[in-house]
2 protein chains.
Amino acid sequence: MPDTSPSVQDYLKAIYRLTRDGRQAATNRLAAALGVAPASVTGMLKRLASEQPPLVVYRRRRGATLTPAGERIALATLRRHRLLELFLVRVLGYGWDEVHEEAERLEHAISARMEARIARLLGEPAFDPHGHPIPAPDLTLPLSRAVPLAQAAAGVRGRIVSVSDADPAVLRRLSALGLLPGVGFTVVQRTAGDNLAYLRVEGSAEAVVIGPALAEAIFVELDT
Amino acid sequence: MPDTSPSVQDYLKAIYRLTRDGRQAATNRLAAALGVAPASVTGMLKRLASEQPPLVVYRRRRGATLTPAGERIALATLRRHRLLELFLVRVLGYGWDEVHEEAERLEHAISARMEARIARLLGEPAFDPHGHPIPAPDLTLPLSRAVPLAQAAAGVRGRIVSVSDADPAVLRRLSALGLLPGVGFTVVQRTAGDNLAYLRVEGSAEAVVIGPALAEAIFVELDT
DNA sequence: ACCTCAATTTAGGCTGGCCTAAATTTTACC
DNA sequence: GGTAAAATTTAGGCCAGCCTAAATTGAGGT
């Protein structure tokens with residue numbers, strides 16, 4: 001349990017993520033993501049929907065989506081989060097598996113001025129240390145053709161673009177395997193039954209075995 | 001009115017400041033400092049006094065002082081605040097009159113790890129950009145013999161050590177007058193009636209007139 | 001079509017921290 | 001030493017956001 005209640009921004013960010021696939025954000029999944037009871041989510045969604053202007057569109061028993069105003073806030077928060085992650089790595093020497101929590105707290109505390117100064121110091125970057133796109137100041141997202149590794153067929157070559165940043169343990173495992181953003185690889189083999197991927201990392205002779213969970217956490221750009 | 005309620009740390013910091021002169025922190029002054037009603041302060045002081053361990057010693061109608069535990073928290077918060085101020089100036093190029101508010105929010109959001117990394121990056125500094133002492137990691141304060149300018153007699157020479165950081169407008173006025181930490185000066189004259197100080201800044205021919213309010217905001221080290 | 005069950009919402013309640021107004025105590029002055 | 005003013009505390013409420021338990025509803029299997 002997080003020691004503090006999720007903020008409005010946390011709700012919007014969570015809806016943004018659960019909504020990326022075009023579907024509605026379900027009460028239960030929001031509750032799980034935010035560490036509160038489902039009943040609390042219902043209450044908050046009603047509040048956010050009746051804000052002026054409304055931040056979410058809420059349909060009873062069907063879930064929620066963001067309005068343009070809500071999406072702006074979500075993207076602005078995402079921008080701050082990812083800028084901070086990069087800042088922590090580049091300026092304060094954090095490991096890439098240590099930045100998520102810290103950024104999670106800082107993103108609520110920094111001013112627009114500080115956001116701008118950090119971005120300038122970092123050279124207006126477009127991607128964070130995990131390879132995730134950083135929304136521009138106008139909140140547009142830089143393009144990337146990344147796809148979960150789970151969708152890569154055997155024989156294909158590609159490059160790792162980003163990895164999910166939610167779980168530090170996963171990040172450390174990836175690090176240990178040498179699977180960082182930028183690394184090239186070939187998919188040697190896929191097994192249908194247990195859904196394993198055998199990856200040969202560029203420059204290394206050995207193949208690495210990736211389970212289904214990891215394969216969902218690694219995003220890659222595939223060669224055409 | 002601040003847009004958010006003061007935190008426990010804010011209460012402790014305020015008590016710390018009001019208590020520096022050895023007296024008790026009065027309810028009214030705390031209320032003014034924190035932007036809440038006096039009745040709210042009474043309630044919070046009771047809570048802080050019954051915390052385990054107690055953070056303040058509260059005596060009905062007499063005010064509050066910090067317990068050792070409370071003072072540790074106050075000093076730790078002060079350390080974070082002043083480290084952040086220096087960090088903002090040195091790393092992000094803030095003006096020294098712009099850092100207070102930002103640090104006020106950030107001091108509640110950074111982890112011990114981040115505090116340590118910032119301190120390391122800055123070379124374990126002992127004073128912030130306003131000249132205020134930064135508590136060491138063990139929370140001891142570096143010594144300084146600073147005294148408010150208001151207490152300097154005519155004819156005395158000295159050096160500005162620090163200035164109060166609470167009011168950006170004051171900071172800008174001081175800046176404009178060339179009254180920054182480190183600057184040497186001579187007190188040319190004092191007037192008893194309206195309590196003015198005439199200061200000749202080292203290297204300049206003109207004297208500067210300082211009113212009583214400013215004279216309380218400037219801390220100086222006097223030559224023996 | 002129905003029925004079960006998982007998901008969701010409603011109802012009711014709690015806590016923390018704020019507020020105002022009224023009561024009380026201290027202080028300070030004559 | 002008495003009293004008016006100032007400071008402080010008490011009393012009583014409000015609000016946001018959380019919780020649990022109970023009621024409702026939609027959806028998939030048969």
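Order of the sequence lines sets the chain letters (A, B, ...), proteins ahead of strands, with each chain counted from 1.
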What residues 52-64 of chain B contributes to the DNA chain D interface at heavy-atom separation below 4.0 Å is B/Tyr58, B/Arg60, B/Arg61
More than 12 heavy atoms from other groups under 6.0 Å of CD on B/Glu51: yes
With the side chain defined as heavy atoms from C-beta on, A/Ser40 is closest, among D/dC18, C/dT8, C/dC18, to D/dC18
How close do A/Ala74 and A/Leu12 get, heavy atom to heavy atom, and via which atoms? CB-O, 3.9 Å
Starting from C1' on C/dG17, measure out to CG on B/Leu48 and report it in whole angstrom. 12 Å
Heavy atoms from C-beta onward define the side chain here; which of C/dG17, D/dT8, C/dT10 lies closest to that of B/Arg47? C/dG17
How long is the line joining CZ of B/Arg29 and P of D/dT8, in whole Å? 10 Å
If I take atom CD in residue A/Glu51 and atom C1' in nucleotide D/dG17, what distance separates them, rounded to the nearest angstrom? 14 Å
How many whole angstroms separate atom CE of A/Met44 from atom P of C/dT10? 16 Å
In terms of heavy-atom contacts, does CD of A/Gln189 have more than 12 from other residues, nucleotides or ligands at under 6.0 Å? yes
For D/dT10 and B/Lys46 - does any side-chain N or O of the residue sit under 4.0 Å from the phosphate oxygens OP1/OP2? yes
Taking all atoms of both residues into account, what is the closest heavy-atom pair of B/Ala119 and B/Pro125, and its distance? O-CD, 3.8 Å
5' priority, DNA chain D, between A/Ala39 and B/Ala26 [closest heavy atom]: B/Ala26
Show every donor-acceptor pair shorter than 3.5 Å between a side-chain atom in residues 128-143 of chain A and any protein atom, with sequence neighbours excluded, or say none if there are none.
{"unit_1": "A/Asp128", "atom_1": "OD1", "unit_2": "A/His130", "atom_2": "N", "d": "2.7"}
{"unit_1": "A/Asp128", "atom_1": "OD1", "unit_2": "A/Gly131", "atom_2": "N", "d": "3.0"}
{"unit_1": "A/Asp128", "atom_1": "OD1", "unit_2": "A/His132", "atom_2": "N", "d": "2.9"}
{"unit_1": "A/His130", "atom_1": "ND1", "unit_2": "A/Glu85", "atom_2": "OE1", "d": "2.9"}
{"unit_1": "A/His130", "atom_1": "NE2", "unit_2": "A/Trp96", "atom_2": "O", "d": "3.0"}
{"unit_1": "A/His132", "atom_1": "NE2", "unit_2": "A/Val163", "atom_2": "O", "d": "3.0"}
{"unit_1": "A/Asp138", "atom_1": "OD1", "unit_2": "A/Thr140", "atom_2": "N", "d": "3.0"}
{"unit_1": "A/Asp138", "atom_1": "OD1", "unit_2": "A/Thr140", "atom_2": "OG1", "d": "2.7"}

Less than 3.5 Å apart, any donor N or O on the side chain of B/Tyr94 or B/Glu102 sitting next to an acceptor on the other? yes
Between side-chain atoms of residues 23-37 of chain B and protein atoms elsewhere (two or more places apart, or another chain), which donor-acceptor pairs fall under 3.5 Å?
{"unit_1": "B/Arg23", "atom_1": "NE", "unit_2": "B/Asp21", "atom_2": "OD2", "d": "3.3"}

Verify the contact: side-chain N or O of B/Asn28 to OP1 or OP2 of D/dA6, cut-off strictly under 4.0 Å; return yes or no. no
Rounded distance in Å - CG (B/Leu30) to C1' (D/dA7): 13 Å
Once you round it to whole Å, what is the distance between P of D/dC18 and CG of A/Leu45? 11 Å
Using a heavy-atom cut-off of under 4.0 Å over every strand shown, decide if B/Thr27 touches base, sugar-phosphate, or nothing. sugar-phosphate
Counting side-chain heavy atoms from C-beta on, which of D/dT20, D/dT8, C/dC18 comes nearest to A/Ala37? D/dT20
Rounded to the nearest angstrom, tell me the gap between atom CD in B/Gln24 and atom P in C/dT26. 14 Å
B/Asp10 atom CG is separated from C/dG16 atom P, nearest whole Å, by 19 Å
